[in-house]
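Chain letters run A, B, ... following the sequence lines, proteins first and then strands; every chain starts at 1.
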Number of protein chains: 2
Amino acid sequence: MTTDAAPSLDPVELGAYFALIEVSSLLRHTVEQQLQEVGGLSYVQFQLLATLGDAPDGSRRMTDLADGVVYSRSGLTYQAGLLEKAGYVTRAPSPDDERGVTVTLTDAGRDVLARVFPGHIGVVRDLLVDPLDRADVESLARVLGTVRDHLRANPPRSAAPRRKARGRA
Amino acid sequence: MTTDAAPSLDPVELGAYFALIEVSSLLRHTVEQQLQEVGGLSYVQFQLLATLGDAPDGSRRMTDLADGVVYSRSGLTYQAGLLEKAGYVTRAPSPDDERGVTVTLTDAGRDVLARVFPGHIGVVRDLLVDPLDRADVESLARVLGTVRDHLRANPPRSAAPRRKARGRA
DNA sequence: TATTGTTATACTCTATAACTATA
DNA sequence: TATAGTTATAGAGTATAACAATA
């Protein structure tokens, strides 16, 4: 039901896709530079720290940290290791489940987050928010929120359950 | 120079930003898997091939290829080298400017594009287009188009592979 | 047995700087 | 001198598979 018939997108749909890719790519690239310059953080590292910062106690289990940030376990272990070595997080066995590891934000972690945040916000405002009027920002938030919710509800899986477009050729 | 005063974003603005990052990240990751499985292509390689496919004669100069795809010259040389080795493009000195290199799509390059396209389109439709109604897709295309145009007009001063942004601060 | 996380390893990609050659 | 592109190289990140420990 997905891509059996001749798949195509009209110009508007294609335009939305291409614009999304180009905008997010450039925005992310610029933010990455800012994070690297100011805090020596990669974007993934920032996302992990920010996720911890959102948690009431600054703690989260590895698995819960992975969410939309990283796509493999070992990748998360690697990044968490770097953050721990930098002193931004600690890792300890989870109290309730000895298999799990609880990652906790340190004071130094909160510091680097605070140091990095203003410039981060500045980039996002300059590149994404300022060029738009209020109504467009609201529209963008709503529409992309819809897409995000659908993605979360239907995890795209590793393209495994997806049909092998054995089309022409 | 841009935002020195206390920078902040309200929840809607932050929501637009986070949704953009999450959606584009997941979309790109899924597309990358499809491209890899079906055609053995990375996303960047696909973008380069697709750019060539858009050109009337299937040719373009290296510099023109770089546009929103790659952020360093050497990175482009690397990817173009891979594509050449795979037989998807040829490289030859530009006729008009002996310093330049003209990259040209081969028949094999067109083949792999054609082989990869249906599934690519399918992913984009499943993940981005189908969850939205027509008006939302149009809105998304328009708003992101606005942002993209601003980004192109005001290159974020470091992601400019062509000009040498000298005179920092 | 299934799940959580780590390790080892190999690979891809990126970026800086030095270099060649054309303009 | 400035521009177009390549090369060398080094580093960051990712993914897969084998592994240990716990549930």
Side-chain angles (χ1 to χ4, degrees), chain A residues 25-26 28-30 32-33 35-37 39-48 60-86 89-103 157-160, chain B residues 25-26 28-30 32-33 35-37 39-48 59-86 89-103 158-168:
Chain A
S25 177
L26 199 49
R28 177 153 175 163
H29 188 255
T30 308
E32 259 167 2
Q33 289 184 321
L35 291 173
Q36 193 63 51
E37 281 175 18
L41 296 175
S42 72
Y43 195 79
V44 168
Q45 287 159 13
F46 169 76
Q47 283 182 296
L48 296 177
R60 218 152 242 194
R61 284 192 51 171
M62 290 287 279
T63 300
D64 302 328
L65 260 184
D67 250 12
V69 177
V70 146
Y71 300 104
S72 75
R73 288 163 178 274
S74 62
L76 179 55
T77 296
Y78 170 75
Q79 294 292 347
L82 291 183
L83 290 175
E84 186 181 43
K85 184 151 41 176
V89 305
T90 57
R91 281 188 290 183
S94 300
D96 46 310
D97 185 340
E98 282 287 325
R99 293 173 306 181
V101 167
T102 295
V103 184
R157 255 24 245 179
S158 358
Chain B
S25 175
L26 199 50
R28 177 152 175 164
H29 188 253
T30 308
E32 260 167 1
Q33 289 184 321
L35 291 173
Q36 193 63 50
E37 282 175 18
L41 295 176
S42 72
Y43 196 78
V44 168
Q45 287 159 15
F46 168 76
Q47 284 181 296
L48 296 177
S59 288
R60 220 150 239 196
R61 285 191 49 169
M62 290 287 280
T63 299
D64 302 327
L65 260 183
D67 251 8
V69 176
V70 148
Y71 300 104
S72 74
R73 289 162 178 273
S74 62
L76 178 56
T77 296
Y78 171 75
Q79 294 292 347
L82 292 182
L83 290 175
E84 186 180 43
K85 184 150 45 177
V89 305
T90 57
R91 282 190 288 185
S94 300
D96 45 310
D97 184 341
E98 282 286 325
R99 294 172 305 181
V101 166
T102 295
V103 185
S158 67
R162 28 187 49 181
R163 219 164 282 277
K164 204 81 196 237
R166 67 227 329 252
R168 32 177 320 174

Original post:
Nearest 0.5 Å, what's the OG1-OH distance between B:T30 and A:Y71?
Top reply: 7.0 Å
Subject >> Distance in angstrom units between B:H29 NE2 and D:dA15 C1', rounded >> reply: 9 Å
**OP:** Could you tell me the separation between the CD atom of B:E37 and the C1' atom of D:dA15, rounded to a whole number of Å?
**Re:** 14 Å
Subject >> Earlier contact from the 5' end, DNA chain D, for A:S74 and A:Q36 >> reply: A:Q36
Original post:
Taking atom C1' of D:dG5 as reference, at what distance in whole Å does atom CZ of B:R99 sit?
Top reply: 10 Å
Original post:
How many angstroms lie between atom CD of A:E32 and atom CG of A:L41, to the nearest 0.5 angstrom?
Top reply: 11.0 Å
Original post:
So how far is it from B:L48 CG to B:Q45 CD, rounded to the nearest 0.5 Å?
Top reply: 7.5 Å
Original post:
Starting at CG of A:L82 and ending at C1' of D:dT14, how long is that distance when rounded to a whole Å?
Top reply: 13 Å
Subject >> Gap separating the CD atom of B:E84 from the OG1 atom of B:T90, nearest 0.5 angstrom >> reply: 7.5 Å
Original post:
Which sits closer to the 5' end of DNA chain D, A:E98 or A:V44, going by the nucleotide each is nearest to?
Top reply: A:V44
**OP:** Evaluate the side-chain proximity of A:T77 to A:R91: yes if any heavy-atom separation is below 4.5 Å, no if none is.
**Re:** yes
Original post:
Please give, in whole Å, the distance from D:dA23 P to A:D97 CG?
Top reply: 5 Å
Subject >> Along DNA chain C, first and last positions that approach a heavy atom of chain A under 4.0 Å >> reply: C:dT3 to C:dA15
**OP:** Pick base, sugar-phosphate or nothing for B:L65, based on heavy-atom distances below 4.0 Å to the nucleic acid.
**Re:** nothing
Original post:
Which whole-number value in Å describes the distance from A:L76 CG to D:dG13 P?
Top reply: 13 Å
Original post:
Between the side chains of A:Y78 and A:S72, is a donor N or O closer than 3.5 angstrom to an acceptor N or O?
Top reply: no
Original post:
Among D:dT3, D:dT6, D:dG13, which nucleotide sits nearest the side chain of B:R91?
Top reply: D:dT6
Original post:
Expressed in angstrom and rounded to an integer, what is the separation of A:F46 atom CZ from D:dA12 atom P?
Top reply: 20 Å
Subject >> Spacing of B:E32 atom CD relative to D:dG13 atom C1', expressed in whole Å >> reply: 13 Å
**OP:** With the side chain counted from C-beta on, respond yes when A:V69 and A:Q79 share a heavy-atom pair under 4.5 Å apart, and no when they do not.
**Re:** no
Subject >> Touch class at under 4.0 angstrom, heavy-atom based, for A:S94 against every strand present >> reply: nothing
